[in-house]
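Single-structure report; data block below.
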Amino acid sequence: MISPPLATPTRQVPTTATQYADIGALQPQRVLDWYAGAARDLPWRHSGVSAWAVMVSEVMLQQTPVVRVLPMWTAWMARWPSPAALADDSPAEAVRAWGKLGYPRRAMRLHAAAQQVVTRFAGNVPSAVEDLESLPGIGAYTARAVAAFAFSARTPVVDTNVGRVLARAVHGRAQAGPSVAAADRAKMELLLPAEPARAAVFSVAVMELGALVCTAAAPDCPACPIRPDCAWQLAGAPAHAGPRRRSQRFEGTDRQVRGLLLDVLRTTSEPVSIGDLDGAWADGAQRNRALDSLLLDGLVGQLTDGRFVLAGERTDTSPAIMEL
DNA sequence: GAAGCGTGGTC
DNA sequence: TGACCAAGCTT
């Protein structure tokens, strides 16, 4: 198959063979034009949204679909419009308000991050990637996402969507390989438009392309703006060649038991006895193991009378929480 | 680098 | 229907 001659006069002139391959496959202008017409209207993308609001959205979106984040983000922004507001509340309330978003350690770390923003950065979410990465629960992706989307920093933002788009469009492979984020960031850096604000939009546009069109299971290639240049398409859309990813089971794991135990503690404002947790899971040994891990993670605290509460719960009628 | 960490939707 | 998947982080 021969790709058609390029009609766009704006194509950048590559200076090396490597750049030629990258630029040829993923032209920023085409992705930007597509994004202008296809982007979802998500509230954290609105102009004037605070860096804190962007940061909360990014943490909530870690491994969690947009449709489930939307109502939680709205509620969090109404209740805790600033890092100081969250820091002034208890970690237990953060975990409780996290509801069933999943990975509740994110709520605890977000609360800890808010406290550090207050103590280390005068209550202002920092704009430097290095400072952002120093906060609990903020890793390589989230730090760059906040820097780019809240502060218009010209920095490559690579998530699972971008990784998959690069794997297909640039490398001609069906899936992204494991642990290639650093290499993908280097590739994206070559592609970023020179103007920082435009670079940030390009990043979110590639993410959106991966989320809406270049999806994992069933990509909608006819709707793709870069289909004519996609290396995977030009190679005939070969199936994934490597080893199959280990699928993560959930039923019967400690993970499930932790979730059930936490659900009990989240639903009540009263301290809970070990007997009240018996009903959450029949296997006592596994229940105790899960409970221990929750205590170790700091998600659950134990009162001096032996009962359990969400960590950091403010219980003025109860004995002080024991330090683990 | 692999494993652990929630929850629910999809095909 | 069960395997896969969803804007990762930490150890």
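Each chain gets a letter, A, B and so on, in the order the sequences are listed, and its residues count up from 1.
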Is there a path of hydrophobic side-chain contacts, each under 4.5 Å between heavy atoms of I/L/V/M/F/W/Y residues, joining A:Trp80 to A:Leu110? yes
Under the 3.5 Å rule, do the base of C:dG8 and the side chain of A:Thr160 count as making a donor-acceptor pair? no
Across the strands shown, which category fits A:Ala140 at heavy-atom distances under 4.0 angstrom: base, sugar-phosphate, nothing? sugar-phosphate
Whole angstroms only, please: what is the CH2-C1' distance between A:Trp98 and C:dC9? 12 Å
When you get a sec, tell me which of C:dA7, B:dG6, B:dG8 is the closest nucleotide to the side chain of A:Lys100? B:dG8
Do the side-chain N or O atoms of A:Thr142 get closer than 4.0 angstrom to the phosphate oxygens (OP1, OP2) of C:dC9? yes
Salt bridge flag under 4.0 Å for residues A:Arg106 and A:Glu58: no
A:Arg68 has its side chain closest, among C:dA7, B:dG6, B:dT7, to B:dT7
Quick note, A:Arg258 side chain, CB onward, closest among B:dC5, C:dA7, B:dT7 is B:dC5
A:Arg255 atom CZ is separated from B:dG6 atom C1', nearest whole Å, by 6 Å
From CD of A:Glu251 over to P of B:dC5, roughly how many Å is that when rounded to an integer? 15 Å
Considering heavy-atom distances to DNA chain C, does A:Ala216 or A:Gly139 have its closest nucleotide positioned more toward the 5' end? A:Ala216
Hydrophobic clusters here meaning ILVMFWY residues chained together by side-chain heavy-atom distances under 4.5 Å, can you tell me if A:Val118 and A:Val59 are in one? no
If the C1' atom of C:dC5 is compared with that of B:dG6, how far apart are they to the nearest Å? 14 Å
Classify A:Leu294 by what it touches in the nucleic acid, base, sugar-phosphate, or nothing, heavy-atom distance under 4.0 Å. nothing
Rounded to whole angstrom units, what separation is found between the CZ atom of A:Arg164 and the C1' atom of C:dC5? 9 Å
Quantified in whole Å, what is the P atom distance between nucleotide C:dA7 and nucleotide B:dT10? 15 Å
Do any side-chain nitrogens or oxygens of A:Arg105 fall under 4.0 Å of OP1 or OP2 in C:dT11? no
Side chain proximity check, A:Glu133 to A:Arg144, heavy atoms < 4.5 angstrom: yes
When rounded to whole Å, the CE to P distance for the pair A:Met188 and C:dA7 reads 15 Å
A:Leu135 CG - C:dC9 P separation (whole Å): 12 Å
Between P on B:dG9 and CG on A:Leu101, what's the gap in Å once rounded to a whole number? 13 Å
Given the C1' atoms of B:dG1 and C:dA6, what is the spacing between them in whole Å? 23 Å
What contact category does A:Pro104 fall into here, base, sugar-phosphate, or nothing, at under 4.0 angstrom with non-hydrogen atoms? sugar-phosphate
In sequence, state the C-alpha distance, the side-chain angles, and the governing distance for A:Trp76 and A:Trp98, and then conclude on ring pair (Phe, Tyr, Trp, His ring centres under 6.0 Å). CA-CA 9 Å; A:Trp76 269 59; A:Trp98 199 253; 5.5 Å; yes
For A:Arg249 and B:dG4, is the shortest distance between a side-chain N/O and OP1 or OP2 below 4.0 Å? no
A:Ser134 and A:Asp131 side chains, donor-acceptor separation under 3.5 Å: no
Rounded to whole angstroms, how far apart are CD on A:Gln63 and P on C:dC9? 9 Å
Between B:dC5 and C:dG2, how far apart are the P atoms? Round to whole Å, please. 23 Å
Within the 4.0 Å heavy-atom criterion, would you say A:Arg289 contacts the bases, only the backbone, or no part of the nucleic acid? nothing
If you look at every strand shown and take non-hydrogen atoms under 4.0 Å, does A:Ser179 touch a base, only sugar-phosphate, or nothing? nothing
Contact nearer the 5' end of DNA chain C, comparing A:Arg109 with A:Thr215: A:Thr215
Shared hydrophobic cluster, A:Met60 / A:Tyr103 (ILVMFWY, side-chain heavy atoms < 4.5 Å): no
The answer to which of A:Gly99 and A:Pro178 contacts DNA chain B further toward the 5' end, by nearest nucleotide, is A:Pro178
